[in-house]
Amino acid sequence: MFLTLSLLAIATVLTVAALIYKLRFKYLIDVTRDIPSAPTLPIIGHAHYFVNKPPRVQIQKLNELLEIYGNTMKVWLGTELNVIMGDVQDVEAVLGSMTFIEKAGEYKRLEPWLKEGLLVSGGRKWHKRRKAITPAFHFKILDQFIEVFERESRALVANLERECRLQSNSGFNLYDWINLCTLDTICETAMGVSVHAQTNTDSEYVQAVKTISTVIHKRMFDILYRFDLTYRFTKLARAEKRALSVLHGFTERIIMQRRAELLRAQENTLNAAADKNSTNGYNATDNDADVGAKRKQAFLDILLHAEIDGKPLSNLDIREEVDTLMFEGHDTTSSAITFFFYNIATYPECQRKCYAEIVDIFGKDTSKPVTYEALNGLTYVELCIKETLRLFPSVPLLGRKVTQECEINGKVLPAGTNIGISPLYLGRQESIFPDANIFKPERFDISNDAKKMNPYAYIPFSAGPRNCIGQRFAMLEVKSIVTNVLRHFEVEFVSDGTEGPTLIAELILRTKDPLMFRLKPRI
Ligand code: HEM
């Protein structure tokens with residue numbers, strides 16, 4: 001009797017909940033009826049496929065569902081409506097438009113570190129910042145960073161030479177070394193200072209970057225850490241607080257130092273001009289001021305000079321943007337470089353061609369530094385980088401939020417819908433890229449089919465107004481690093497016998513197990 005009553009009570013509660021749910025979400029369900037989806041479970045929708053599943057399983061499931069239910073489909077996570085787009089026309093309508101520039105809710109996970117920096121912000125704030133920051137990526141600025149790419153990639157080669165002497169048959173994890181190199185590079189180009197990550201892996205700043213990356217991933221993918229109410233009592237939350245204080249403290253100190261240096265340089269210039277007028281002759285401060293003016297500019301210096309609505313950016317504004325560059329500018333490139341080596345090692349003919357091109361341009365003298373012009377001449381290496389980013393896009397999933405109900409190619413998207421777009425899924429579409437799973441750099445050769453390709457089908461740097469502001473920087477950095485490594489070593493992939501690496505589509509694409517390499521010094 002008690003059991004029957006209990007079952008009845010549970011059934012009633014579930015029915016009432018289902019009814020409320022139906023009524024509340026009837027509108028959403030009705031207007032999106034024409035968008036296909038897998039069958040849903042009451043209340044949770046499709047959450048059972050994704051919530052608390054490892055990212056490796058989530059991406060597999062998403063791709064499976066897209067294959068079955070069409071290139072644009074709905075995914076209900078409880079009451080949250082997500083539309084996943086794999087149809088190039090739909091992708092173009094979203095990425096190509098200024099209507100869809102707001103980021104999806106998941107980007108909030110980045111806010112503790114990046115606050116409202118360019119990657120996360122939306123609306124007018126994003127628009128004005130983007131305009132103010134764009135000059136920082138002018139080729140004249142990028143040109144002066146080549147010297148940093150050169151220096152840091154040579155430090156990487158030195159580390160790899162040591163690793164090479166110690167390596168066993170099972171090889172070693174190249175990613176870790178590359179990641180330290182790209183961290184040093186972005187730190188120096190963004191802030192004008194070095195954290196010496198490659199020589200001091202224990203540095204507080206380096207450790208804090210690692211901690212915060214772990215926190216972001218765990219908060220996105222592990223249900224234990226998703227809810228603010230319970231998260232704040234966890235050990236991870238305490239580690240996050242400590243790491244944030246290190247990261248923000250470091251950036252703030254550098255901003256204040258640089259602001260003070262600039263002020264001093266300006267005062268020196270003014271004093272020098274005044275002295276010149278009074279003495280009408282040479283003065284030692286001429287030289288000092290010159291040195292200040294000619295010093296290599298970091299992104300930070302450009303931000304210190306930038307204005308929005310006629311006002312300079314505050315220290316906090318600048319910190320948001322410098323931190324954003326630090327975050328967006330190092331894991332992305334290390335993922336691309338590691339997959340580049342994986343590809344050319346598994347396709348040795350491509351490695352041979354890359355090396356031949358490098359020797360053709362730089363000769364065999366490994367001490368000859370890379371230059372902007374020489375890097376631009378590396379056309380085959382560039383094809384290999386592009387093909388790597390098709391198969392292994394560093395950012396495997398992009399998200400947008402619909403702010404006002406709209407229609408895209410006949411599909412109604414209600415306000416509040418999250419849109420998901422997967423460069424990884426698009427890059428492996430057989431209909432767009434024949435032999436999609438094969439590494440074929442020539443497909444990007446403009447004398448071939450590349451001309452006909454819809455630019456929204458190949459989107460490792462996203463596309464449209466919110467595309468990657470750092471893509472030319474990234475290309476130059478990746479080319480510098482792979483050039484200097486390939487000048488010194490032949491790269492071999494140590495296969496674990498499986499068909500290919502198991503991909504994990506976290507914020508940045510990675511593999512379930514580290515990719516292991518052996519290096520053979522070139523004689
Ligand atoms: C291979 C390397 C890289 C790849 C594949 C890549 C890819 C991307 C993608 C896909 C986006 C759009 C993200 C989204 O909509 O959620 C993006 C945005 C961005 N990237 Fe990159 N990125 C790379 C390197 C860099 C570097 C080196 C920098 C800085 C030096 C950078 C700075 C940014 C910034 C600031 C944004 C936000 C732009 C905005 O919303 O206006 N990225 N990147």
Side-chain angles (χ1 to χ4, degrees), residues 91 94-96 98 100-110 114 116-123 125-134 136-138 141-142 145 148-149 152 178-179 181-183 185-191 220 298-300 302-303 320-340 382 385-401 418-424 426-427 456 458-482 505 507-509:
V91 170
V94 172
L95 293 185
M98 278 299 283
F100 302 99
I101 58 163
E102 299 301 315
K103 292 296 177 79
E106 278 300 278
Y107 289 70
K108 288 251 173 298
R109 302 287 174 210
L110 302 169
L114 311 184
E116 287 198 326
L118 203 57
L119 179 68
V120 183
S121 64
K125 180 164 185 172
W126 167 77
H127 198 250
K128 293 194 167 199
R129 288 275 181 96
R130 175 94 188 196
K131 225 172 126 191
I133 295 171
T134 298
F137 290 88
H138 190 274
I141 306 285
L142 299 184
F145 290 153
V148 178
F149 300 159
E152 295 305 343
I178 292 170
N179 195 245
C181 174
T182 57
L183 182 57
T185 306
I186 193 65
C187 199
E188 216 178 305
T189 48
M191 296 193 251
M220 277 187 169
F299 286 128
L300 166 60
I302 293 151
L303 292 171
E320 291 176 352
E321 297 310 340
V322 169
D323 286 345
T324 296
L325 296 176
M326 289 300 301
F327 167 73
E328 191 61 25
H330 90 281
D331 277 350
T332 46
T333 40
S334 30
S335 164
I337 295 166
T338 310
F339 282 117
F340 171 92
E382 183 162 323
I385 299 171
K386 284 185 172 162
E387 178 69 340
T388 294
L389 288 170
R390 175 186 72 81
L391 281 164
F392 303 103
S394 313
V395 182
L397 195 64
L398 314 173
R400 294 283 194 277
K401 176 79 111 197
N418 286 315
I419 298 176
I421 295 172
S422 165
L424 178 64
L426 282 164
Y456 290 88
Y458 174 72
I459 51 165
F461 291 106
S462 187
R466 285 212 84 157
N467 68 351
C468 174
I469 200 169
Q471 59 183 291
R472 282 192 303 154
F473 174 104
M475 265 300 186
L476 289 168
E477 181 187 356
V478 173
K479 277 185 179 175
S480 304
I481 294 177
V482 303
L507 214 56
I508 304 294
L509 190 69

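First listed ligand is number 1; within each ligand, the first listed atom is number 1. Reckoned from all heavy atoms, side chains included, excluding hydrogens, waters and symmetry mates.
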Answer with side chain, backbone, both or neither: which part of [X] has a heavy atom less than 4.0 angstrom from an atom of ligand 1?
{"X": "F473", "value": "side chain"}
{"X": "V395", "value": "side chain"}
{"X": "L325", "value": "side chain"}

Counting C-beta onward and ignoring hydrogens, is there a side-chain heavy-atom pair between [X] and [Y] closer than 4.5 Å?
{"X": "F145", "Y": "T185", "answer": "no"}
{"X": "L398", "Y": "K103", "answer": "no"}
{"X": "V482", "Y": "I337", "answer": "yes"}
{"X": "M326", "Y": "C187", "answer": "yes"}
{"X": "Y107", "Y": "L114", "answer": "no"}
{"X": "D331", "Y": "L507", "answer": "no"}
{"X": "F340", "Y": "I385", "answer": "yes"}
{"X": "V395", "Y": "P423", "answer": "no"}

>> So, regarding W126 and ligand 1 (criterion: nitrogen or oxygen to nitrogen or oxygen, under 3.5 Å), is there a contact or not?
In response: yes

> For E477 and ligand 1, does the shortest N/O to N/O distance drop below 3.5 Å?
Replying inline: no

Could you tell me, atom by atom, which parts of ligand 1 come under 4.0 Å of a heavy atom of [X]?
{"X": "R400", "answer": "15 (O)"}
{"X": "A474", "answer": "2 (C), 24 (C)"}
{"X": "Y107", "answer": "14 (C), 15 (O), 16 (O)"}
{"X": "S462", "answer": "10 (C), 12 (C)"}
{"X": "G329", "answer": "26 (C), 27 (C), 28 (C)"}
{"X": "P460", "answer": "5 (C), 7 (C), 10 (C)"}

May I ask which of [options] has a heavy atom nearer to [atom] than the others do?
{"atom": "atom 23 (C) of ligand 1", "options": "L110, I133, T332", "answer": "T332"}
{"atom": "atom 8 (C) of ligand 1", "options": "C468, S335, G470", "answer": "C468"}
{"atom": "atom 36 (C) of ligand 1", "options": "R129, E106, E328", "answer": "E328"}
{"atom": "atom 41 (O) of ligand 1", "options": "R130, H127, R466", "answer": "R130"}

Taking the non-hydrogen atoms of [X], is any one of them nearer than 4.0 angstrom to ligand 1?
{"X": "K103", "result": "yes"}
{"X": "Q471", "result": "no"}
{"X": "I186", "result": "yes"}
{"X": "N467", "result": "yes"}

>> I'd like to know whether F473 forms a ring pair (Phe, Tyr, Trp, His ring centres under 6.0 Å) with F149, so could you lay out the CA-CA distance, the side-chain angles of the two residues, the decisive distance to 0.1 Å, and finally the verdict.
In response: CA-CA 10 Å; F473 174 104; F149 300 159; 5.2 Å; yes

> Salt bridge check: are R129 and E116 linked by an N-O gap of less than 4.0 Å?
Replying inline: no

>> Among all protein heavy atoms in this structure, tell me which lies nearest to atom 6 (C) of ligand 1, with the distance rounded to 0.1 Å.
In response: F461 CD2, 3.6 Å

> Considering only protein heavy atoms, which is closest to atom 35 (C) of ligand 1, and at what distance to one decimal place?
Replying inline: I469 CG2, 3.5 Å

> Which heavy-atom pair separates Y456 from L426 by the least distance, and what is that distance?
Replying inline: O-CD1, 4.0 Å

> If you look at every heavy atom in L325 and I186, which pair is closest and at what distance?
Replying inline: O-CG1, 3.4 Å

> For L509, does its backbone N or O pair with a side-chain atom of S335 as donor and acceptor, under 3.5 Å?
Replying inline: yes

